[in-house]
Amino acid sequence: MEQVLQHFRKDEQPFIEQVSGWLRETQDRYAPKLTDFLDPRQQFIVHAIIGQSEDLVTTAFGEFPEAERKRMLIAPSYFEATDDDYDIAMFSIKYPSKFIKIEHPDVLGSLMSLGLDRSKFGDIRVDDNQIEFAVASEVADFVRMHLTSIGKAKVHVEELQSDHAYLENRDVWVEETHTVSSMRIDTIIASLFNVSRQKASMLVHGGKVKVNWTVREQPSFELHESDLLSIRGYGRIRIGMIEGRTKKDKIRLQIGRIEQNS
């Protein structure tokens, strides 16, 4: 376990210990364990830890095509999961779209105000006047009953059937390879967006940078594989594989990029 911990951040240790508990539970019961919705970095950690076990497998599903947030099944190697095993309900939101515009943060804010943890919700997709989101089945009835407004708009929540064609993710990820001097968040931002280190540090200190949906305000914060980086006004970056070092000791890094204004 100590060897595993040294590859991850200190603030990830509670989650790592939780994953270790899931591993032991699955081995003891020899039955599948279903997680809540996990972000890509958490999924990476689960794969890293469970992948060391020969008798267990991990699978992930988020219902949407190309979902970011997914529930995972940790299961004995004999187990073959179906989509139904992930217990995900899908909802659409009807609202007076002629008179009001609802965006992703509005939906997330209203869902969080219900008092449920973020891990009970998967992706939220907003496209013109359509809104769809994924939710853990065990809280679906509660969400249906209590999500009646978003901001000042009255809304109506309808469950979608599994044969429904869910909203596509319109984000197009472009894969690139870069060389960087370090994995510090200010260095990565400066290099990938062609701004000065000072400007990158100001963005971080100003609370404009999120890593895996959490605001990070320390320019020295180290990025790892599978981190999702969001910089307000600049776009989103997905940290891919660290391929090694160049002869000049620079880090060769794969990234995915979405150019967008947010």
Side-chain angles (χ1 to χ4, degrees), residues 1 3-23 33-53 56-64 66-74 86 88 104 108 112 117-124 134 136 169 171 173-176 178 180 182-189 192 203-204 207-232 234-243 251 253-258 260 262:
M1 185 63 176
Q3 285 181 318
V4 172
L5 285 176
Q6 68 188 13
H7 295 293
F8 299 101
R9 303 184 183 102
K10 220 167 202 171
D11 63 2
E12 290 175 333
Q13 289 187 12
F15 180 70
I16 290 164
E17 285 161 14
Q18 186 179 22
V19 175
S20 298
W22 294 339
L23 186 152
K33 168 69 180 176
L34 179 64
T35 74
D36 284 337
F37 285 98
L38 306 178
D39 65 40
R41 174 65 182 171
Q42 291 171 322
Q43 294 167 40
F44 175 83
I45 292 171
V46 172
H47 283 306
I49 294 172
I50 309 294
Q52 299 178 41
S53 172
L56 299 180
V57 293
T58 59
T59 53
F61 184 63
E63 199 71 59
F64 280 113
E66 297 177 12
E68 271 181 5
R69 296 177 61 79
K70 298 175 183 178
R71 298 191 85 168
M72 295 189 77
L73 273 165
I74 302 162
Y86 296 90
I88 299 173
H104 188 286
L108 180 57
M112 296 306 294
D117 194 83
R118 178 69 177 100
S119 63
K120 294 298 179 187
F121 301 105
D123 285 8
I124 300 164
N169 186 353
D171 294 338
W173 289 93
V174 180
E175 301 298 325
E176 301 173 355
H178 288 262
V180 293
S182 85
M183 294 300 289
R184 282 174 53 120
I185 196 169
D186 57 350
T187 304
I188 296 286
I189 292 171
L192 300 188
L203 289 168
V204 178
K208 297 187 188 304
V209 179
K210 288 183 180 180
V211 180
N212 304 326
W213 294 273
T214 300
V215 174
R216 299 289 183 177
E217 295 183 348
Q218 292 296 325
S220 60
F221 183 84
E222 292 267 327
L223 293 169
H224 290 202
E225 288 178 323
S226 295
D227 278 340
L228 196 63
L229 184 63
S230 177
I231 305 102
R232 196 184 311 161
Y234 286 83
R236 299 169 81 201
I237 294 291
R238 184 168 55 201
I239 303 298
M241 197 166 65
I242 297 170
E243 296 182 332
I251 299 164
L253 181 66
Q254 282 185 2
I255 67 138
R257 183 198 294 268
I258 296 177
Q260 63 180 26
S262 57

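What you see is a predicted model, and the numbers here were worked out from it, not measured in a lab. Basis for what follows: all heavy atoms, side chains included, without hydrogens, waters or symmetry-related copies.
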Do [X] and [Y] have side chains that approach each other closer than 4.5 Å (heavy atoms only, starting at C-beta)?
X	Y	result
V204	Q218	no
Q42	Q18	no
R118	L108	yes
I189	Y234	no
I239	L253	yes

Worksheet item: Checking side-chain contact (heavy atoms from CB on, under 4.5 Å) for the pair V46/T35: CA distance, chi angles, key distance, verdict?
Response: CA-CA 10 Å; V46 172; T35 74; 5.6 Å; no
Working to the nearest 0.5 Å, report the span between [atom1] of [X] and [atom2] of [Y].
X	Y	atom1	atom2	answer
I242	L223	CD1	CG	9.0 Å
D123	H104	CG	NE2	7.0 Å
I124	F64	CD1	CZ	9.0 Å
I49	F44	CD1	CZ	10.0 Å
R69	D36	CZ	CG	9.0 Å
I88	L34	CD1	CG	8.0 Å

For residues [X] and [Y], report the shortest heavy-atom separation together with the two atoms involved.
X	Y	value
I50	V19	CD1-CG1, 4.0 Å
R41	F8	NH2-CD2, 3.2 Å
I185	P219	CG2-O, 3.2 Å
L192	R257	O-NH2, 3.0 Å
S230	R236	OG-CG, 4.1 Å
L38	Q43	O-NE2, 2.8 Å

Which residues pass the side-chain contact (heavy atoms from CB on, under 4.5 Å) test with [X], sequence neighbours left out?
X	answer
E243	T177, M241, R252, Q254
A136	F37, R71, K120, E138, V139
T187	S181, S182, R184, R197
H47	T58, M72

Worksheet entry | From CA spacing to verdict: side-chain contact (heavy atoms from CB on, under 4.5 Å), L23, I74 | CA-CA 7 Å; L23 186 152; I74 302 162; 5.7 Å; no
Fill in: Side-chain (E176) to main-chain (I255) donor-acceptor, under 3.5 angstrom
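Checking the backbone N and O of I255 against the side chain of E176, no donor-acceptor pair under 3.5 Å is found.
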Discussion item. Quick one: does any side-chain atom of R9 pair with a main-chain N or O of F221 as donor and acceptor, under 3.5 Å?
Written reply: no
Item to complete: Taking only Lys NZ, Arg NE, NH1 and NH2, and the carboxylate oxygens of Asp or Glu, determine whether R238 and E68 approach each other closer than 4.0 Å.
Response: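 So R238 does not pair with E68 through a salt bridge.
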Item to complete: Classify the angle between the aromatic ring planes of F61 and Y86 as parallel (below 30°), tilted (30 to 60°) or perpendicular (above 60°).
Response: tilted
Donor-acceptor contacts under 3.5 Å from residues 207-215 side chains, at least two apart:
residue : atom : partner : partner atom : Å
N212    : OD1  : L228    : N            : 2.8
N212    : ND2  : D227    : OD1          : 2.9

Worksheet item: Got a sec, which residues hit salt bridge (Lys or Arg N to Asp or Glu O under 4.0 Å) with D39, two or more places apart in sequence or on another chain?
Response: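 Applying salt bridge (Lys or Arg N to Asp or Glu O under 4.0 Å) to D39 gives none.
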